Student: 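The structure is given below, and queries will be raised subsequently.
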Protein chains: 2
Amino acid sequence: MASDQTRTSILSAAERLYADRGFGDVTLRDIVAAADVNLAAVNYHFGSKDELIAELFVTRSLATNRERLNELKAAEEAGGGRADIDSILRALVGPTLRGCLGPDRERSTAARFMIRASIESVPPIRRIKNREIDHLRKFAAAMRRALPDRDEVELYWGLHFALAMAHQTIRDSERLTKLSEGLCDLDDVEGIIERIVAVSVRALTAGAPAKAPEPVAVRRAR
Amino acid sequence: MASDQTRTSILSAAERLYADRGFGDVTLRDIVAAADVNLAAVNYHFGSKDELIAELFVTRSLATNRERLNELKAAEEAGGGRADIDSILRALVGPTLRGCLGPDRERSTAARFMIRASIESVPPIRRIKNREIDHLRKFAAAMRRALPDRDEVELYWGLHFALAMAHQTIRDSERLTKLSEGLCDLDDVEGIIERIVAVSVRALTAGAPAKAPEPVAVRRAR
DNA sequence: GATAGTTTCATACAACTGTTTGAATTGCAA
DNA sequence: TTGCAATTCAAACAGTTGTATGAAACTATC
């Protein structure tokens with residue numbers, strides 16, 4: 001067991017390097033050089049390079065998921081067991097956006113690492129992401145309780161679009177800044193969150209509140 | 001000049017392999033084996049592996065951009081020089097979605113290649129994508145003409161969100177299918193396009209039509 | 001202080017990568 | 001047919017990668 005010092009310096013050096021240069025450009029030799037440990041230490045402590053990446057990503061994404069569920073639970077308790085749709089969507093996209101954007105996003109290694117993880121798709125991370133569906137199902141269930149009259153298909157599309165907007169804003173913040181020539185303020189995370197929540201809610205509650213989906217000309221509902 | 005046969009069989013073999021297995025897992029030796037040509041042929045005809053990937057991607061994305069602009073121009077001519085916001089957004093997201101989704105998406109190599117290109121981020125493709133901003137500016141300009149009263153910031157966010165929803169639907173169609181347990185019909189491309197357009201239009205036209213952005217609590221407009 | 005278990009270290013390994021080379025082959029014009 | 005350029009080919013190159021090895025150094029227990 002012992003000191004754990006080698007282990008933790010590998011983890012933090014790896015996270016910093018991956019955040020700065022991406023997964024494709026960082027080798028084990030870069031990591032051990034930055035961490036000032038021996039090359040063999042990575043395989044000794046983590047088993048393989050992929051398991052090191054997986055451990056980094058699991059740690060961070062578990063933290064995000066925990067924050068999400070905490071916010072959801074708080075909103076449900078505040079609403080007497082049923083959260084309104086705004087709060088649910090805010091709980092879904094808020095933690096991720098707060099983690100990855102914001103004024104000090106140049107500083108936070110963890111945030112930059114998670115952005116990399118969402119841009120570059122490496123096998124160990126892909127495997128973990130595939131297990132996230134159970135987590136999302138909890139939000140789908142909460143949404144169903146908040147909008148019991150809505151057709152279920154509409155709920156899934158709303159959830160999907162909310163995540164899409166949040167995700168792409170993180171992935172492509174640079175393009176949006178360039179395109180708008182700085183007009184879109186990406187440091188204002190709370191503003192962005194409200195913007196995404198507002199659009200999603202509007203998408204979910206537009207048209208007739210009945211079960212029959214009307215707002216859009218859906219050809220085959222399957 | 002001669003036959004071009006080697007060149008084209010490299011291109012089509014490469015596109016198929018990249019579409020099937022991604023950029024990370026396909027080596028030049030895989031490609032030349034599938035194309036049944038000599039290893040050195042790739043460097044002889046394309047200069048390098050990156051230039052081969054770039055040529056594949058440029059060909060496909062130029063085709064998509066051309067389709068987009070054709071649709072936009074058609075809509076502007078139909079509207080007497082000014083297209084309505086629906087048509088503009090449809091021209092923006094339609095060609096991409098039609099290219100990548102749809103019932104025969106298992107068949108089309110080109111479509112699967114473009115999905116890979118949007119998921120895995122390799123340097124040659126990233127370089128080309130960065131040059132796409134001028135292309136998007138044309139759509140921003142058309143949107144400005146269609147909604148002259150809207151604040152410019154809102155337009156950029158609307159454009160960004162429309163692309164986000166389209167892009168993420170392509171990238172993560174599998175997750176949406178799993179999450180909704182097949183309820184969301186991803187074969188109905190036209191329905192998806194209408195859905196994304198409707199949400200984007202609603203986001204762009206909601207609230208006061210005045211210049212002052214009101215629908216969302218934006219902290220710092222910068 | 002000897003011992004057993006853990007951790008570190010330098011080094012080597014084996015495999016794979018994109019690229020280059022220079023000779024052989026081909027196709028075509030004179 | 002001859003000559004010349006374009007193309008193809010087998011082979012090797014030079015570099016990098018993640019991983020494995022076995023000895024050395026450490027640490028805590030008895």
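Because the structure is predicted, anything quoted here is derived from the model rather than measured. Chain A is the first sequence line, chain B the second, and so forth, proteins listed ahead of strands; every chain is numbered from 1.
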Student: Whole Å only: how far is the CG atom of A:Asp4 from the C1' atom of D:dT27?
Tutor: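 In whole Å, D:dT27 C1' lies 15 Å from A:Asp4 CG.
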Student: B:Glu71 pairs by salt bridge (charged side-chain N to carboxylate O under 4.0 Å, His left out) with which of B:Arg90, B:Arg66, B:Arg98?
Tutor: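 By the salt bridge (charged side-chain N to carboxylate O under 4.0 Å, His left out) criterion, B:Glu71 pairs with just one of B:Arg90, B:Arg66, B:Arg98: B:Arg98.
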Student: What is the separation between atom OH on A:Tyr44 and atom P on D:dG22, rounded to the nearest whole Å?
Tutor: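 Nearest whole value for this atom pair: 16 Å.
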Student: Check whether any side-chain nitrogen or oxygen of B:His45 sits under 4.0 Å from OP1 or OP2 of D:dA6, and answer yes or no.
Tutor: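 No.
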Student: Tell me, for nucleotides 9-19 of chain C in 5' to 3' order, what letter each nucleotide earns: B for a base near a protein heavy atom under 4.0 Å, S for only sugar-phosphate near one, - for neither?
Tutor: BBBB----BBB
Student: Which label fits A:Phe161 and A:Trp157: parallel for a plane angle under 30°, tilted from 30 to 60°, or perpendicular past 60°?
Tutor: tilted
Student: Could you give me the CA-CA distance, side-chain angles and deciding distance for A:Ile170 and A:Met114, then say whether side chain to side chain contact (heavy atoms under 4.5 Å, CB included) is met?
Tutor: CA-CA 10 Å; A:Ile170 292 167; A:Met114 289 303 274; over 6 Å; no
Student: Partners of A:Arg7 by salt bridge (charged side-chain N to carboxylate O under 4.0 Å, His left out), sequence neighbours excluded?
Tutor: A:Glu55
Student: Let me see the working for B:Tyr18 and B:Phe57 under ring-ring contact (aromatic ring centres under 6.0 Å, His included), right down to the final yes or no.
Tutor: CA-CA 11 Å; B:Tyr18 285 140; B:Phe57 184 69; over 10 Å; no
Student: Please report the distance, rounded to the nearest Å, between CZ in A:Phe46 and P in D:dT19.
Tutor: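 Going from A:Phe46 (CZ) to D:dT19 (P), I get 13 Å.
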Student: For B:Arg29, what residues pass the salt bridge (charged side-chain N to carboxylate O under 4.0 Å, His left out) criterion, not counting sequence neighbours?
Tutor: none
